[in-house]
Amino acid sequence: MAVSTRARVISLYKMMLAESKKFPSYNYRTYAMRRVRDAFRANRTVEDPKTVERLMVEGRQTLALIQRQVPQHKTSQKCLFLECD
């Protein structure tokens, strides 16, 4: 695996773990983190560039899924209490 590809994989891994840590429920949080770790460990030995790229696409899709599922705190909710315009 090329250095730049390795860096992208590690970056994706860190982003997925960081997003997984945002789940408010302990059970969801630990499940998501375990799934991310297990998936990356299972594919640790993949060398084929096409396979790596396919796994990166799947990882980005999974990251987007996690980001959609984690509750987002919007600034508009704060304005309800502060009477913002």
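Note that the structure is predicted; figures quoted are calculated from it, not measured.
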Heavy-atom pair of closest approach, residues M56 and V9: SD-CG2, 3.5 Å

Sequence-distant partners of Y13, ring pair (Phe, Tyr, Trp, His ring centres under 6.0 Å), two or more places apart: F40

Listed partners of D48 passing side-chain contact (heavy atoms from CB on, under 4.5 Å), at least two apart: K50, T51

Residues which pass side chain to side chain donor-acceptor pair (under 3.5 Å) with R34, listed by chain and number, not counting sequence neighbours: none

Any residue meeting side chain to side chain donor-acceptor pair (under 3.5 Å) with R8, in chain and number order, not counting sequence neighbours: E53

Enumerate donor-acceptor pairs with a distance under 3.5 Å from any side-chain N or O in residues 60-69 to protein atoms, sequence neighbours excluded.
unit_1, atom_1, unit_2, atom_2, d
T62, OG1, E58, O, 2.9

Contacts of S11 that satisfy side-chain contact (heavy atoms from CB on, under 4.5 Å) - sequence neighbours left out: M15

For R37, all residues meeting salt bridge (charged side-chain N to carboxylate O under 4.0 Å, His left out), sequence neighbours excluded: none

Ring pair (Phe, Tyr, Trp, His ring centres under 6.0 Å): pairs with one or both residues in residues 20-39, sequence neighbours excluded: none

Heavy atoms from other residues, nucleotides or ligands near CZ of R35 exceed 12 (cutoff 6.0 Å): no

Cluster overlap L12 with V46, hydrophobic side-chain contacts below 4.5 Å: yes

Set of residues satisfying side-chain contact (heavy atoms from CB on, under 4.5 Å) with respect to K22, sequence neighbours excluded: E19, V70

Residue pair R29 / P24: nearest heavy atoms and the distance that separates them: NH1-O, 3.3 Å

